[in-house]
Student: 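One structure is given below, represented as structure tokens, and several questions about it will come after.
All values derive from a computational prediction rather than experimental measurement. Sequence positions, counted from 1, serve as the residue numbers for this chain.
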Amino acid sequence: QVQLVESGGGSVQAGGSLRLSCAASGYTYSSYCMGWFRQAPGKEREAVARINNWGTTFYADSVKGRFTISKDNAKNTLYLQMNSLKPEDAAMYYCAIGGGQCYMKTNPGDFGDWGQGTQVTVSS
């Protein structure tokens, strides 16, 4: 079965940086999309960044130029480098994986497997 384990969350001041990691195992997709989502209290879960098995990336407008998604295929690990963090970036961050093309996957319901989440707190 698919297992996704996030780490790297924490508390940081505005303008700071964090790198999230997601160790993935058990997936057998030949074509897949991996993504980072976030959910703040009282808000819907939203897509932050996505990457397909060829390395093509997609970003939410709110994080473009500040966040970078990447993956290490040898380690089966997904990363999210977050720079210039803002208080509005504070949320629980989740990684997810789904079979198929990334450009078609923009909603949480498009992804079948999820990690447990890691909390990011940004103080002003």
Student: Would a 4.5 Å heavy-atom cut-off, applied to side chains only, mark Arg38 and Ser62 as touching?
Tutor: yes
Student: Does Gly109 offer a backbone N or O that forms a donor-acceptor pair with the side chain of Asn107 under 3.5 Å?
Tutor: no
Student: Is there a side-chain contact between Gln39 and Glu46 in this structure, where contact means two heavy atoms from C-beta onward sitting under 4.5 Å apart?
Tutor: no
Student: So which heavy atom on Thr106 is nearest to which on Asp110, and how close?
Tutor: N-OD2, 3.1 Å
Student: Between Met82 and Leu20, does the side chain to side chain contact (heavy atoms under 4.5 Å, CB included) criterion hold? Intermediate values first, please.
Tutor: CA-CA 8 Å; Met82 305 186 293; Leu20 306 183; 3.7 Å; yes
Student: Side-chain contact test, heavy atoms from C-beta onward, threshold under 4.5 Å: evaluate it for Thr57 versus Lys71 and give yes or no.
Tutor: no
Student: May I ask you to say whether Lys86 pairs ionically with Asp89, meaning some side-chain N is under 4.0 Å from a carboxylate O?
Tutor: no
Student: Who passes side-chain hydrogen bond (donor to acceptor under 3.5 Å, both in side chains) against Asn53, sequence neighbours left out?
Tutor: none
Student: Could you tell me whether a side-chain N or O of Thr77 sits under 3.5 Å from a main-chain N or O of Lys75, the two making a donor and an acceptor?
Tutor: yes
Student: With rounding to the nearest 0.5 Å, note down the distance linking CG in Asp113 to SG in Cys95.
Tutor: 10.0 Å
Student: Would you confirm whether Gln116, through its side chain, and Glu6, through its main-chain N or O, come within 3.5 Å as a donor-acceptor pair?
Tutor: yes
Student: Do the side chains of Val12 and Thr121 get nearer than 4.5 Å, heavy atoms only?
Tutor: no
Student: Check Ala60 against Ala47 and note the closest heavy-atom contact, atom names and distance.
Tutor: CB-O, 3.5 Å
Student: Is the side chain of Gln119 donor-acceptor paired with the backbone N or O of Gly9 at a distance under 3.5 Å, no angle test?
Tutor: no
Student: Are the side chain of Arg19 and the backbone of Gln81 linked by a donor-acceptor contact shorter than 3.5 Å?
Tutor: no
Student: Pairs in or reaching into residues 67-88: which pass ring-ring contact (aromatic ring centres under 6.0 Å, His included), with residues at least two apart or in two chains?
Tutor: none
Student: Does Ile69 share a hydrophobic cluster with Leu85, counting links as ILVMFWY side-chain heavy atoms below 4.5 Å and allowing steps through other members?
Tutor: yes
Student: Mark yes when over 12 heavy atoms from residues, nucleotides or ligands other than Glu88 sit less than 6.0 Å from its CD; otherwise mark no.
Tutor: yes
Student: What heavy-atom pair brings Ser7 and Thr118 nearest, and what distance separates the two atoms?
Tutor: C-OG1, 4.2 Å
Student: Please determine which of Val48, Thr68, Ile51 meets the side chain to side chain contact (heavy atoms under 4.5 Å, CB included) test together with Tyr59.
Tutor: Thr68
Student: Among pairs that include at least one residue of residues 27-51, which meet ring-ring contact (aromatic ring centres under 6.0 Å, His included), considering only residues two or more places apart or in two chains?
Tutor: Tyr27-Tyr32, Phe37-Phe111, Phe37-Trp114
Student: Minimum heavy-atom separation for Ser84 to Ser17, with atom names?
Tutor: N-OG, 4.3 Å
Student: CG/Asn76 to CE/Met34 distance, rounded to the nearest 0.5 angstrom?
Tutor: 8.0 Å
Student: Judged by atom type as modelled, is there a donor-acceptor pair below 3.5 Å linking the side chain of Arg50 to the main-chain atoms of Cys102?
Tutor: yes
Student: Is a side-chain donor or acceptor of Gln101 paired with a backbone partner of Lys105 at a separation under 3.5 angstrom?
Tutor: no
Student: Report yes if some heavy atom in the side chain of Ser31 is under 4.5 Å from a heavy atom in the side chain of Trp54; otherwise report no.
Tutor: yes
Student: Side-chain contact test, heavy atoms from C-beta onward, threshold under 4.5 Å: evaluate it for Leu80 versus Leu78 and give yes or no.
Tutor: no
Student: Can you name the nearest heavy-atom pair linking Ala40 to Ala90, along with the distance?
Tutor: CB-O, 3.8 Å
